[in-house]
There are 2 protein chains.
Amino acid sequence: MSTAEETAGGEPQPWGEVSPDAARRLLVAAVEAFAERGYHATTTRDIAGRAGMSPAALYIHYKTKEELLHRISRIGHEKALDVLRTAADSEGTPAERLAEAVRSFVRWHAGQHTVARVVQYELDALGPDARAEIVALRRQNDAAVRQIIQDGVAAGDFDVPDVKGTTVAVLSLCIDVARWFNVNGPRTPDEVGALYADLVLRMVRATK
Amino acid sequence: MSTAEETAGGEPQPWGEVSPDAARRLLVAAVEAFAERGYHATTTRDIAGRAGMSPAALYIHYKTKEELLHRISRIGHEKALDVLRTAADSEGTPAERLAEAVRSFVRWHAGQHTVARVVQYELDALGPDARAEIVALRRQNDAAVRQIIQDGVAAGDFDVPDVKGTTVAVLSLCIDVARWFNVNGPRTPDEVGALYADLVLRMVRATK
DNA sequence: GGGCACTCTAAGCGCTCGCTCACCCTCGGC
DNA sequence: GCCGAGGGTGAGCGAGCGCTTAGAGTGCCC
């Protein structure tokens with residue numbers, strides 16, 4: 001992993017492979033601005049300014065402001081899905097896999113909460129085609145979590161009367177971390193991840 | 001309860017006491033528009049148009065577009081807090097009170113998901129003073145839920161190692177319903193409320 | 001060292017935004 | 001029948017928006 005992909009905290013930045021350099025700076029600036037003020041309240045002049053460039057420079061690398069949001073959404077979702085799948089597909093009991101999935105997914109949403117906020121709350125600003133692409137990625141999150149819960153039920157390790165509903169609730173719980181998590185708050189992403197993994201195991205009444 | 005405060009589903013509309021009639025129509029139109037497209041993407045022409053009025057009419061009843069959002073946020077929060085408190089302060093065991101609080105709070109966020117979305121996701125569009133007022137209301141939500149959990153722990157009915165963290169998670173779970181709930185989806189607000197009440201009792205390992 | 005591709009800027013176009021203003025209609029009190 | 005107050009409208013202002021264009025600087029290949 002290159003240094004460009006890692007922060008001081010060790011959490012991988014999702015933009016490592018974006019090039020050229022100016023395009024990456026614009027993308028990072030757009031994430032910050034969108035997360036702070038929302039897509040519609042952010043101006044192209046603001047994004048370009050944060051990246052240290054003139055407003056016109058943005059249009060050399062991206063066709064529209066919406067293309068920036070689309071790229072952020074896709075890369076962000078892909079990275080989060082990658083984190084979730086790695087944990088879901090690992091070895092171990094369903095309880096271990098579920099705990100690890102929640103722990104790492106929550107850690108991502110807390111550590112990368114600026115990206116996650118954009119990705120989760122600005123979906124409606126995308127056009128129909130782009131939105132459909134992102135929604136498809138989300139369904140894969142759902143499928144990954146549901147699979148673990150089903151495995152646990154089948155093995156007799158979980159007691160879950162409503163698998164679909166519980167899946168929705170687990171994902172909802174993890175995703176909403178991006179909304180309330182505060183870097184200056186009392187908890188680190190690791191701590192929130194550990195707390196939430198425990199809470200989710202309680203929700204499925206894991207017995208081992 | 002007057003007919004103006006009730007929909008076909010029986011859920012009370014929060015705008016019953018807003019007058020005159022034109023001001024209420026504008027408020028309802030603004031909630032719809034803000035929920036659909038977000039505060040910044042909604043134009044005053046759109047709001048006035050939905051209320052069947054000219055753009056200028058809006059400024060007879062509200063000083064600015066932001067005042068509309070402020071009023072929606074305050075009324076929405078007050079109604080939700082009212083629902084939560086009524087359940088939290090009722091008689092019964094901590095488990096019964098927690099279940100009823102989650103059930104009614106979730107039902108409100110599902111049934112009034114347009115209002116709830118505006119209230120939860122457009123907070124940053126408010127100025128500092130208005131935002132501070134809304135944040136204070138939110139803290140009362142937190143206090144109400146935490147009190148029930150503490151009561152349950154004190155009575156020996158709950159097993160909760162981290163009361164503050166669990167409180168945050170429970171509220172987060174309920175609030176996020178407003179984001180994903182879909183009127184055309186497979187579940188009614190009542191059903192989601194019942195499912196979530198059960199899940200939360202599992203989270204605190206309620207024994208009676 | 002001339003030509004070219006790439007990157008970036010200053011200036012500004014056309015448009016829509018939040019909001020205002022001058023004026024009109026309706027209606028209750030006398 | 002007249003008046004004043006309050007709710008409404010059509011037109012439009014100044015500002016800021018997303019985005020474009022003409023042209024300048026820079027490095028690389030031959």
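Because the structure is predicted, anything quoted here is derived from the model rather than measured. Each chain gets a letter, A, B and so on, in the order its sequence line appears, and its residues count up from 1.
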Worksheet entry | Length of the CD1-P vector between A:Ile60 and C:dC8, whole Å | 6 Å

Worksheet entry | Rounded interatomic separation in angstrom, taking OH from B:Tyr59 and P from D:dG12 | 19 Å

Worksheet, complete the sentence: From CE of A:Met53 across to P of C:dA10 the rounded distance in Å is 12 Å

Worksheet item: Where the side chain of B:His61 is defined as all heavy atoms beyond and including C-beta, which of C:dA10, D:dG8, C:dC8 is the nearest nucleotide?
Response: D:dG8

Discussion item. Do A:Val177 and A:His113 have side chains that approach each other closer than 4.5 Å (heavy atoms only, starting at C-beta)?
Written reply: no

Worksheet entry | Electrostatic pair B:Arg139-B:Asp142, nearest N-O below 4.0 angstrom | no

Worksheet item: Any salt bridge between A:Glu100 and A:Arg97, counting N to O under 4.0 Å?
Response: no

Practice prompt. Kindly state which residues belonging to residues 30-52 of chain A come within less than 4.0 angstrom of DNA chain D, counting heavy atoms of the residue only, listed by number.
Written response: A:Thr42, A:Thr43, A:Thr44, A:Arg45

Worksheet entry | Whole angstrom value for the distance that separates P of C:dT9 from CG of A:Leu26 | 10 Å

Fill in: Gap between atoms NZ and C1', on B:Lys65 and C:dC17 respectively (whole Å)
8 Å

Worksheet item: Would you say the side chains of B:His77 and B:Gln140 form a donor-acceptor pair under 3.5 Å?
Response: no

Worksheet entry | Nearest-angstrom distance from the residue atom CG of B:Leu58 to C1' of D:dG8 | 13 Å

Discussion item. Does any part of the side chain of A:Ile175, heavy atoms only, come nearer than 4.5 Å to the side chain of B:Arg179, both counted from C-beta?
Written reply: yes

Fill in: Nearest-neighbour nucleotide for the B:Ala22 side chain, C:dA10, D:dG8, D:dC19 considered
D:dG8

Fill in: B:Arg25 CZ - D:dG8 C1' separation (whole Å)
11 Å

Item to complete: Any chance you could measure A:Asp124, atom CG, to B:Glu36, atom CD, to the nearest 0.5 Å?
Response: 9.5 Å

